[in-house]
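Everything on this sheet refers to the single structure shown next.
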Amino acid sequence: MTREGTEIRTLDGRGLAEAIAAGARAIERNRDTINALNVFPVPDGDTGTNMTLTMQKVVADLRERPSSQVSSVVRLMARSSLLAARGNSGLILAQFFKGLASAADGADQIDAGCLAKALRLATDAAYGAVPDPREGTMLTVFREAAEAAERHGGSDLVAVWDAACRQAKDAVRRTPELLDVLRDAGVVDAGGFGFAALLAGGLSYLTGESDGSITLDVPGAAVRPDFVARMESESWGYCVSFAIEGDRLDPDAVRSRASALGKSCVVAGDQRQVKVHLHTMDPGEPLTYGVSLGTVSNVAILNMDEQSREWAQSQRGGSAAGTQPVRPPGVSRLPVAVVAVVAGDGLAKLFTANGLGACSIVPGGDSMNPSAGDIAAAVEAAPAPAVIILPNNKNVIGTAGLVRSLTAKGVHVVPTTSMQAGIAALLSFSIDQTVDANVTAMTAAAAAVKAIAFCHATRDSRVDGIDVKKGQAMGIVDGKLARVHDDAGRLVIDLTSEVARGAELVTVYRGADVSRPEADRTAAAVRDRVPGVEVEVVDGEQPFYAYLVSVE
Amino acid sequence: MPAPRIAIVTDSTSDIPASEATRLGITVVPLNVHFGDEVLLDGVTVKGDEFYRRLQAGGAFPKTSQPSAGAFADAYRGVIAGGAEAILSIHISSKVSGTCNSANQAKAELGGNVPIEVIDTLQASMGLGLIAMEVARAAAAGLTASDAASLARQLMGSTRFFGMVETLEYLQRGGRIGRAQMLLGSLLKVHPILTMQDGVAHPLERPRTRTRALDRMRAIAEGAIPLRALSVLYSTQRQDGEALASQLKAAAPAQGITVAQFGPVLGTYLGPGAVGVALIQATPS
């Protein structure tokens, strides 16, 4: 860093790397906010995650190959961000680094003029990477930041960075005026918000005010409920991204061809490497096209309908579990272990306590489905060569299946669709039995449980043929909405009693928002209504669901 | 020359009903049950139903102790006086009780005039009771002493004893929990089925309800047929034991099913509500 009076005139490669790392921390810190904002182009709630993961790779590469020379640092940033780019937002973010790399080509240090030039080049690259550039998005935020830097024209790098950052935040605030879908949803643009966070984090490092772990405060971070309902019913297809490596590639030609194959197309790169991102109903088409041009790598295909549903769920106030994977104490090598995906402290304790010392927990539930990587990490850490996964959620079963390709361990999935089924399966687990015998017994046990879930509707809607009013209690039996009622207490007792007729045992898992005495009263009422049934209350402390009930 | 007369001695944890022991000529050495300072003889001065009433009445929690070497020496002398020319002493797992130690001390004390073989069955309750009964039957049919000991060892390999407890509390309080400790702190009501494995209590299954636990026990027993011997045990719920026995009628061997009550020593660890099954699988001949 060179200073002239109070001015910081230039940054070397290490300084720039630190500033970008601080920006990455700011994005990560605001990840959930950014995810929640994500309504455009697809409301799938992954913008924050995509930007965070893209930046994590950049920062990791910078750590690995530090240099004081700005030119080599920016080249590395450009290359690693392009390769690591996840989603639309990640790929556009990579254009910022491409601009930096072009502006600082051959330079030892970066100065104020170089920053302004970088922002301008980044803006041009970003507009060029999208076949149908729209205002009110990240592109607008890029452009306005570049214009502010050019307008400032000073030599103080921090002052120019500050000007760009202020303008970026202001542009974010105005995105709903430019893009209808944002105005309908009542939110600002997610990707633009993320880019403003990157600039703000970097600035906080340069001014020495913080290390970048800041929370960006921009109004409009809550999506309107009616918008959630509307978006959820749309079909979005797949989000496909991949890199093509080859000779004399033509990014412009790839872009025009790819944009005909799907929506939200972003294509960037150079003659040797092109990164493609698009949304399509058939992921096969763009991949076939990519393979015809060169070697395809970094392929990612996401089901956006699933993501969109999860996003909608999270908008309705479902919260994620807060527990870290629990490693059972003092466990030596076992022939087989269990990894369970669980939401709620009480339920996590329950799984651990009933796992015969062989069960570890991956936090997750309706609103926060773990990645295949999260589950794979727990599988790797499990003290056994074979691991049985209990997804405990319909939306996690597919992810659990992907873990097979991420570990050398033997992975088996018992496809539990509820926490209740997961507990039943776990109680049939035996460390003396073979993996296959365990899978058979656990699968049968899970299937023998009827699972009822009770929660409140956070919006008006029609689900499984039943009209639901906001605030009404919903009773969901084995994943299907069975009944709604204005009186939650009555619904729980009525529906549970009906399902429990003729059953032996009802287990009532009390949600985090239900007191123990209240749950005990509910249990007593069910006992009165169903002769001969045992009713047990367990402190599940799960989020979102007031009660989870298993009937067996 | 006629085969030497063999005496079969066991301890009270075998839970062999007194009438059966008398009929088969089996000598049973009682363990001790302590309520506070009061010392009672298992199955002699404290018996089934009365014991469970005291167990559930609160007050001092009972403890148990192995028979003294003297008690074994007296028993051995008694059968020798009755004409025994060899003794086979069949006992509870040495991993949960010092009973085998006492028997071995008594054997050393008596010297070698009459051969005494002490067998550590690594079993409990009717797990060893059925072995003693089968060996007694074979001995009555004229088996030699060394063949009787081989038979006992051979039967050990095909004997299973498993049982369902209402709660692990008694096993835990008695400190004889073995690997079943993995079941503690479940936070859920379960009716664990435990088995004797390698001489200690071991968790087998964890049904949530009593009905299902009894069903599973029936299924496990049926899965072991053909059977050479079968016994059903209960601590306080005689009707559950009888019901399970009648369900298992089709699986029963020729000499029928021995329905027995867990005696005070087993009851100390299993508690009220326990139901068990002991069986010996028939080996192909």
Side-chain angles (χ1 to χ4, degrees), chain A residues 328-332 334 338 344-359 419-433 437-438 441-442 444-445 448-449 500 502-510 523 532-541 550-552, chain B residues 95 122 160-169 171-172 177-220 222-224 237 239-240 243-244 247 272-273 275:
Chain A
V331 172
S332 55
L334 299 167
V338 177
D345 290 350
L347 287 175
K349 272 188 213 133
L350 204 61
F351 273 84
T352 308
N354 288 289
L356 302 178
C359 180
M419 294 294 155
Q420 301 95 303
I423 290 283
L426 189 62
L427 287 173
S428 292
F429 169 69
S430 163
I431 51 176
D432 299 319
Q433 292 294 320
N438 267 310
M442 292 167 82
V449 167
E504 262 188 84
L505 175 68
V506 172
T507 312
V508 175
Y509 300 91
R510 173 184 67 79
V533 79
E534 272 184 59
V535 184
E536 188 180 2
V537 178
V538 180
D539 297 329
E541 287 159 34
S550 73
V551 176
E552 44 197 305
Chain B
K95 293 185 183 170
L122 297 176
R160 295 186 71 185
F161 166 56
F162 49 91
M164 174 264 288
V165 294
E166 272 293 302
T167 166
L168 290 164
E169 189 192 332
L171 209 53
Q172 190 186 10
I177 194 158
R179 287 184 71 192
Q181 65 183 328
M182 289 190 291
L183 302 177
L184 294 175
S186 159
L187 310 170
L188 278 174
K189 182 128 182 72
V190 290
H191 292 70
I193 300 177
L194 307 169
T195 189
M196 284 298 276
Q197 187 174 311
D198 302 325
V200 294
H202 192 87
L204 196 60
E205 295 197 9
R206 292 171 285 165
R208 291 291 306 281
T209 66
R210 188 177 174 84
T211 312
R212 208 177 302 163
L214 292 167
D215 272 356
R216 283 302 302 148
M217 285 170 53
R218 178 182 51 77
I220 297 167
E222 284 171 350
Q237 316 293 99
Q239 71 282 9
D240 283 348
L244 184 56
Q247 286 167 9
V275 176

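Heavy-atom basis, side chains included; hydrogens, waters and symmetry copies ignored. A note on names: the letters A, B, ... follow the listed sequences, proteins ahead of strands, and every chain is numbered from 1.
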Quiz prompt | Closest non-hydrogen atom pair, Leu427(A) against Arg208(B) | solution = CD1-CD, 3.2 Å

Quiz item: Closest heavy-atom contact between Ser186(B) and Ala353(A)?
Solution: O-CB, 4.1 Å

Exercise. Sort out for me which of Ile431(A), Asp539(A), Val537(A) touches chain B most, counting heavy-atom pairs under 4.5 Å.
Key: Ile431(A)

Self-check item: Where at least one partner belongs to residues 191-203 of chain B, residue pairs that pass side chain to side chain donor-acceptor pair (under 3.5 Å), sequence neighbours excluded
Solution: Asp432(A)-His202(B), Glu166(B)-His191(B)

Quiz item: Any donor and acceptor pair, going by atom type alone, linking the side chain of Arg206(B) with main-chain N or O of Ser430(A) inside 3.5 Å?
Solution: no

Quiz item: Any donor and acceptor pair, going by atom type alone, linking the side chain of Glu504(A) with main-chain N or O of Thr209(B) inside 3.5 Å?
Solution: no

Exercise. Could you tell me whether Glu534(A) and Arg210(B) make a salt bridge, using a distance below 4.0 angstrom between a side-chain N and a carboxylate O?
Key: no

Quiz item: Less than 4.5 Å apart, any side-chain heavy atom of Leu183(B) and any of Leu356(A)?
Solution: yes

Quiz item: Among Val190(B), Leu204(B), Thr211(B), which has the most heavy-atom pairs under 4.5 Å with chain A?
Solution: Thr211(B)

Quiz prompt | Partner residues of Val449(A) under the side chain to side chain contact (heavy atoms under 4.5 Å, CB included) criterion, sequence neighbours left out | solution = Gln420(A), Ala424(A), Ser550(A), Glu552(A)

